[in-house]
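For reference, the structure is listed below as structure tokens.
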Amino acid sequence: MNKYKLIFIGTSSFGLPAFTALASDPDFEIILTITQPDLPAGRRQIITASPIKLKAEEKGIAVLQPQFISDIREKILSQNPDLIVVAAYGQLIPEDILNIPQFGCLNLHASLLPKYRGSAVIQAAILNGDRQTGITVMKLDKGLDTGPILAQSPLNIAEDDTAETLRAKLAAASADFLANAIKRYLTGEISPAPQDSSLASFAKTLTKSDGLVDWTKPADYLEKFIRAMWPWPAAWTWWNGKQVKIISAQNQPLEISSYKPGKTFKYNSGLAVQCGQNALIIKKLQLEGKTALDSQEFLRGQKDFMGSVLG
RNA sequence: CGCGGGGUAGAGCAGUUGGCAGCUCGCCAGGCCCAUAACCUGGAGGUCGGGGGUUCAAAUCCCCCCCCCGCAA
């Protein structure tokens, strides 16, 4: 098997395991990495390079960071890649670039397409209470996550999975899976199969306000909501004019409905919050400006919290 | 220099018109009880993030630095 020349396009840490696996695979040579420009990030607005860029530099792979990927179309063309691999880049790639490599462009996606096209797909799977999700390797076309599927790998969602833990599991699972799928595709062992668009669903991009807890919702929904929103935007609510993040709650709701939604009360020496239907025990939370605390420790310092109404 | 909150006992917090450093929990010892994460008594544990300054006196006022966190990206 010849050594295939790849261009890797990606930004976030989700693609890092896959990128690392490809970069150290003797069957591939990554001739170029394309990632988003370094942007101000974090509390001090420090200009920060993407995880993919850092890894590429460590591996001695060339990196380009165009404002718009179409700006470097000629450059990509001149590299004459056999294949382009995309993982969590953060920008739609125009069709005239998709068509450059003879084998096209492959994408790593964090759901079992056609379910959950879009961006917040891991969160959507948890929020909907799915037992299983997975990763998809697909061929990109001009649509958003609409291209034909090459390979999929299912993964069970654990009772206590948050978007953070599930994302890490999916990223880890994708490392070897993507490399193998590419090889089987290049050798003709597998070929792209069209998605059944009638089964498609879309997971829209989340914003901070999507994390605001609606306490009139049922407790079992909110329990999933809390796990789905973690670590960003995080499930949060209002208390005394301040934001409070609800980090984790007990996944077994209490069958109590005697209070107003959002009302906090003591239950078996734990902190409970009334929901629209049943109630939840809050295990860990964080007041803005403070560190994340176990509910017992939190209550020790915030004497007025118990008995107040959140939201 | 993006905006803002905060660093006080093992944990969480109170304590600024400057004046012997507190509370809740935990911990140790003892007691009560059939028993207990309950209750009672006693106890250990802090250079108040670090450095400098003002002062008779600084957790508290002024200057510099370090660290944590919310917003924003």
Side-chain angles (χ1 to χ4, degrees), chain A residues 9-16 34-55 63 65-69 71 87-92 118-123 162-165 167 203-215 222 225-250 252 254 256 262 264-273 279 281-311:
Chain A
I9 303 181
T11 303
S12 86
S13 62
F14 180 74
L16 201 54
I34 299 170
T35 192
Q36 297 274 23
D38 296 353
L39 294 170
R43 205 118 41 202
R44 302 296 162 203
Q45 291 297 97
I46 296 164
I47 303 294
T48 307
S50 77
I52 297 294
K53 178 182 177 179
L54 296 175
K55 176 60 76 176
V63 177
Q65 302 175 274
Q67 187 74 48
F68 302 104
I69 192 162
D71 295 345
Y89 175 50
Q91 220 181 94
L92 206 62
S119 54
V121 300
I122 297 169
Q123 292 88 335
T162 64
E164 183 177 41
T165 60
R167 179 186 142 103
K204 73 176 179 71
T205 305
L206 296 176
T207 66
K208 177 69 185 178
S209 59
D210 288 316
L212 180 60
V213 176
D214 177 358
W215 294 107
L222 290 177
F225 180 83
I226 290 164
R227 289 186 289 117
M229 292 302 129
W230 188 255
W232 196 90
W236 58 276
T237 187
W238 291 106
W239 176 66
N240 266 1
K242 290 181 179 173
Q243 291 184 24
V244 182
K245 284 183 179 176
I246 310 297
I247 297 171
S248 68
Q250 191 166 301
Q252 189 62 53
L254 306 173
I256 290 178
T264 59
F265 62 97
K266 192 173 181 178
Y267 183 87
N268 278 354
S269 80
L271 169 63
V273 182
I281 294 217
I282 305 300
K283 294 196 297 191
K284 200 170 183 184
L285 65 173
Q286 179 177 25
L287 183 61
E288 65 175 78
K290 297 291 191 175
T291 54
L293 293 175
D294 192 79
S295 60
Q296 293 292 335
E297 296 173 325
F298 182 92
L299 290 171
R300 217 173 279 150
Q302 307 302 329
K303 312 281 191 196
D304 301 333
F305 195 82
M306 189 68 87
S308 63
V309 177
L310 305 175

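A note on names: the letters A, B, ... follow the listed sequences, proteins ahead of strands, and every chain is numbered from 1.
- More than 12 non-hydrogen atoms from other residues, nucleotides or ligands lie less than 6.0 angstrom from NZ of A:K208.
- Among residues at least two apart or in separate chains, salt bridge (Lys or Arg N to Asp or Glu O under 4.0 Å) pairs with a member in residues 227-240 of chain A are A:E223-A:R227.
- As judged by a 4.0 angstrom heavy-atom cut-off over every strand, A:G301 is placed among residues touching the sugar-phosphate backbone only.
- By the side-chain contact (heavy atoms from CB on, under 4.5 Å) test, A:E297 is found to be paired with A:L293, A:D294, A:R300, residues two or more places apart in sequence or in another chain being considered.
- Annotation: side-chain contact (heavy atoms from CB on, under 4.5 Å) contacts of A:Q302 (sequence neighbours excluded): A:W239, A:L287, A:F298, A:F305.
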Polar atoms only, N or O, under 3.5 Å: list the protein pairs with nucleotides 71-73 of chain B and their distances.
{"unit_1": "B:C71", "atom_1": "OP1", "unit_2": "A:K208", "atom_2": "NZ", "d": "2.3"}
{"unit_1": "B:A72", "atom_1": "N1", "unit_2": "A:G42", "atom_2": "O", "d": "3.1"}
{"unit_1": "B:A72", "atom_1": "N3", "unit_2": "A:Q45", "atom_2": "OE1", "d": "3.4"}
{"unit_1": "B:A73", "atom_1": "O2'", "unit_2": "A:P40", "atom_2": "O", "d": "3.4"}

Nucleotide N/O of nucleotides 23-28 of chain B paired with protein N/O under 3.5 Å:
{"unit_1": "B:C25", "atom_1": "O2'", "unit_2": "A:R300", "atom_2": "NH2", "d": "3.2"}

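- Under the 6.0 Å cut-off for aromatic ring centres, A:W230 and A:W232 do not qualify, their centroids lying 6.0 Å or more apart.
- Under the rule for a side-chain contact (heavy atoms from CB on, under 4.5 Å), the partners of A:S295 that lie at least two apart in sequence or sit in another chain are A:L271, A:L285.
- Atom CG in A:D304 sits roughly 11 Å away from atom P in B:A14 (whole-Å rounding).
- As rounded to the nearest Å, B:A9 and B:A14 have C1' atoms that lie 14 Å from one another.
- Across all strands shown, A:Q286 has heavy atoms under 4.0 Å from sugar-phosphate atoms exclusively, and none from any base.
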